[in-house]
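Here is the structure we will look at, set down as structure tokens.
We're numbering straight along the sequence, starting at 1.
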Amino acid sequence: MSTFTQYQQKATAALKRFKDNPTTHYIAGEFYASGNTYTNTTPIDNSSLGEVAEGDESVMDRACAAAADASREWQELPAAQRKKLLHRCADHIAARAEEIAVIETTDSGQPIRFMKQAALRGAENFRFFADKISEASNGHALYQPTHTNYTMRTPIGPVGVITPWNTPFMLTTWKIAPALAAGCTVVHKPAELSPLSASLLVEIAAEVGFPDGVWNMVHGKGEVVGKRLTEHPAIKAIAFVGESITGSHIMRQGADSLKRVHFELGGKNPVIVFDDADLQRALDAVIFMIYSLNGQRCTSSSRLFIQNSIKDSFIGELKKRVAHIKIGHPLDPHTEIGPLIHPDHLQKVINYIDIARQEGATIACGGTKCNLGDNYIMPTLITDANNKMRVAREEIFGPVLTVIGFDDEQESIHLANDSEYGLAAYLWTNNTGRIMRLARTIETGMLWVNSENKRNLPSPFGGVKKSGIGRDGGDYSFDFYMETKNVC
């Protein structure tokens, strides 16, 4: 039996309960089914994966009240006990990693080769922040001749977490683990298009034994339950991952209650390749950072700036590589690109490719739907572009790479910075002085030099300009989920 067949069988078994019974909310330690439901479909073939409870404002009010009621108890629980609960949560995630992977692959369309690691990364998130609980409240000693000042951090209170559909499990743990470690209670609103792994996560929370109301989850539409979460007076902060325009809506909705916000938003991330780079490694990284995860990741390097002296040869190698990317069923471990999340999203990507043609760019590879199903698209390479074209300025969120040439260092800086976004950037060069200069001048929250999107949990993760507000990672997460108090 092939590995592909084994994964299909495991997915069928794991998904049966979602198809047989509606997926519910989780509020105050209980699984709760509100009256209305909506049909959740798989992007593989748009068939039903079952019904999901569709919450309304009253359901969200109930969840927010539960988080508020549990807040004091959770804050006062000794750090050692909270640490034990988070570690237990990590253990349960790791034990169910394969189940989580096949469910998330089927629900989101992301290839199993990447989702196998997503659950383990989720467990790693819980372990990392569990181990930081004992230092979460720590501050600084600040001496004066006649006084002593010291600072301490205290939990901000109940928080709302709103997560996207592209890699939902890992991103949910990346937000919820530090919130719980900081001493906050949580109300989580998962994406409507890929809700199942969030349901697995609250099952684990129930098994682990978090006190009732510490961790709550409500399914439903962003414009209904998401809006109510951002407006609710009991919620002190909102952590959101998603589109930049949605972030601006959330900021407006939380303004009356002066909510703290942390946004990880869109990106139009540049990868800059100079002619002195290790070109084979750069080629590997360029391919991986746009075509993995179906191009549906915030840190995808969707703008390639290539020095003109090597542009033609580099594009020639790109064409060969892109033409051999394997598109297929996401449960096939050989698949590199699976289906996009939804027919509407696929049409959005196709529309951008049509716009590129109209603006005079060349579709060097791909650019069409794939005959595997309604949500599949060929990996696309766009050349003969410039930085004023919409495909170079707007986030497409699909497997589409736009190539633009540059002559020298100053032009590369200008092109990279000529964007409303500033989440991530990637630089390939062996010139140390150039690395130092571009590190200072590229307008980005994160810069990877001669490397891909390598993960380091203590490091700050986040963007500038329209790509976000605030940082995740290590103590940066605690700065968001906690208040700093000075004692003199």
Side-chain angles (χ1 to χ4, degrees), residues 4-26 31-55 59 93 96-116 118-119 122 162-173 188-204 206 217-222 224-226 293-294 296 328-333 335 337-347 372-377:
F4 179 21
T5 302
Q6 291 176 10
Y7 279 135
Q8 286 180 307
Q9 291 179 352
K10 289 173 181 177
T12 299
L15 290 161
K16 184 177 186 303
R17 61 195 183 89
F18 293 108
K19 293 184 178 182
D20 291 345
N21 299 289
T23 301
T24 61
H25 316 296
Y26 183 69
F31 292 93
Y32 169 68
S34 55
N36 295 328
T37 64
Y38 70 92
T39 303
N40 179 37
T41 60
T42 172
I44 295 170
D45 58 10
N46 296 322
S47 63
S48 173
L49 294 177
E51 296 297 301
V52 178
E54 184 174 347
V59 175
I93 290 171
R96 298 178 67 175
E98 191 164 77
E99 175 193 5
I100 293 166
V102 296
I103 286 174
E104 180 127 298
T105 290
T106 310
D107 201 19
S108 71
Q110 298 285 14
I112 190 73
R113 66 191 298 160
F114 304 118
M115 292 302 98
K116 284 192 298 183
I162 304 174
T163 51
W165 46 256
N166 55 327
T167 50
F169 188 85
M170 198 285 294
L171 288 171
T172 296
T173 61
H188 177 212
K189 192 275 176 198
E192 302 99 294
L193 294 178
S194 55
L196 298 187
S197 62
S199 294
L200 290 180
L201 200 47
V202 291
E203 279 184 16
I204 289 171
M217 181 192 67
V218 176
H219 292 290
K221 295 177 181 177
V224 180
V225 292
L293 295 177
N294 301 344
Q296 296 173 150
H329 194 293
L331 286 169
D332 183 344
T335 291
I337 292 183
L340 301 190
I341 187 68
H342 189 273
D344 290 347
H345 186 63
L346 180 133
Q347 190 56 52
L372 292 173
D374 290 342
N375 299 333
Y376 291 82
I377 186 171

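- Within the 4.5 Å cutoff, the side chain of Tyr32 has heavy atoms near those of the Val59 side chain.
- Taking each heavy atom of Thr24 and Ser199 in turn, the nearest pair found is O-OG, 4.4 Å.
- Annotation: side chain of Met115 is not in contact with side chain of Met170 (no heavy-atom distance under 4.5 Å).
- Of the possible polar contacts, none joining the Ser48 side chain to the Thr41 backbone as a donor-acceptor pair under 3.5 Å is found.
- Of all heavy-atom pairs spanning Pro43 and Gly109, the tightest one is CG-N, 3.5 Å.
- For the side-chain contact (heavy atoms from CB on, under 4.5 Å) criterion with His345, the lone passing option out of Leu193, Asn375, Leu340, Ile377 is Leu340.
- Counting only distance, with no hydrogens or angles, the side chain of Thr23 and the backbone of Val52 share no donor-acceptor pair below 3.5 Å.
- A pairwise comparison of heavy atoms in Tyr7 and Lys116 identifies OH-CD, 3.1 Å as the closest pair.
- Proximity of Leu49 to Leu15: side-chain heavy atoms (C-beta onward) are separated by under 4.5 Å at one or more points.
- If you take CD on Gln6 and CD on Gln9, they are separated by 7.5 Å, rounding to the nearest 0.5 Å.
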Show, in sequence, the C-alpha distance, side-chain angles and deciding distance for Lys10 and Glu98, and conclude whether the salt bridge (charged side-chain N to carboxylate O under 4.0 Å, His left out) test is met. CA-CA 9 Å; Lys10 289 173 181 177; Glu98 191 164 77; 2.6 Å; yes
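- Between Tyr376 and Pro330, the shortest heavy-atom contact is OH-CD, 3.7 Å.
- Residues Glu192 and Asn40 share a closest heavy-atom pair of O-OD1, 4.2 Å.
- Taken from OG in Ser108 to CD1 in Ile44, the straight-line distance is 9.0 Å, to the nearest 0.5 Å.
- A donor-acceptor pair under 3.5 Å links the side-chain atoms of His25 to the main chain of His219, judged by distance alone.
- With rounding to the nearest 0.5 angstrom, the CG atom of Leu331 is 10.5 Å from the OG1 atom of Thr5.
- There is a side-chain donor-acceptor pair under 3.5 Å between Glu104 and Ser197.
- With Phe114 as the fixed residue, the side-chain contact (heavy atoms from CB on, under 4.5 Å) test singles out one of Asn294, Thr335, Leu293: Leu293.
- Taking NE2 of His188 as the start and CG of Leu201 as the end, the distance is 8.0 Å to the nearest 0.5 Å.
- Here the shortest heavy-atom pairing between Ile93 and Ile100 reads O-CD1, 3.9 Å.
- Atoms OG1 and CG, on Thr42 and Leu196 in that order, are 9.5 Å from each other to the nearest 0.5 Å.
- The closest side-chain donor-acceptor pair between Thr39 and Glu51 falls under 3.5 angstrom.
- Atom CG in Asp344 sits 8.5 Å away from atom CD in Gln347 (nearest 0.5 Å).
- Within the 4.5 Å cutoff, the side chain of Val218 has no heavy atoms near those of the Tyr26 side chain.
- Under a 3.5 Å cut-off, the side chain of Gln296 and the backbone N or O of Ile341 do form a donor-acceptor pair.
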Before you tell me yes or no, could you show the steps for His329 and Phe4 under ring-ring contact (aromatic ring centres under 6.0 Å, His included), namely the whole-Å CA-CA distance, both residues' side-chain angles and the distance that decides it to 0.1 Å? CA-CA 9 Å; His329 194 293; Phe4 179 21; 5.1 Å; yes
List the steps and the verdict of salt bridge (charged side-chain N to carboxylate O under 4.0 Å, His left out) for Glu54 and Lys221. CA-CA 7 Å; Glu54 184 174 347; Lys221 295 177 181 177; 3.7 Å; yes
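- The backbone N or O of Gln110 lies less than 3.5 Å from a partner atom in the side chain of Thr105, making a donor-acceptor pair.
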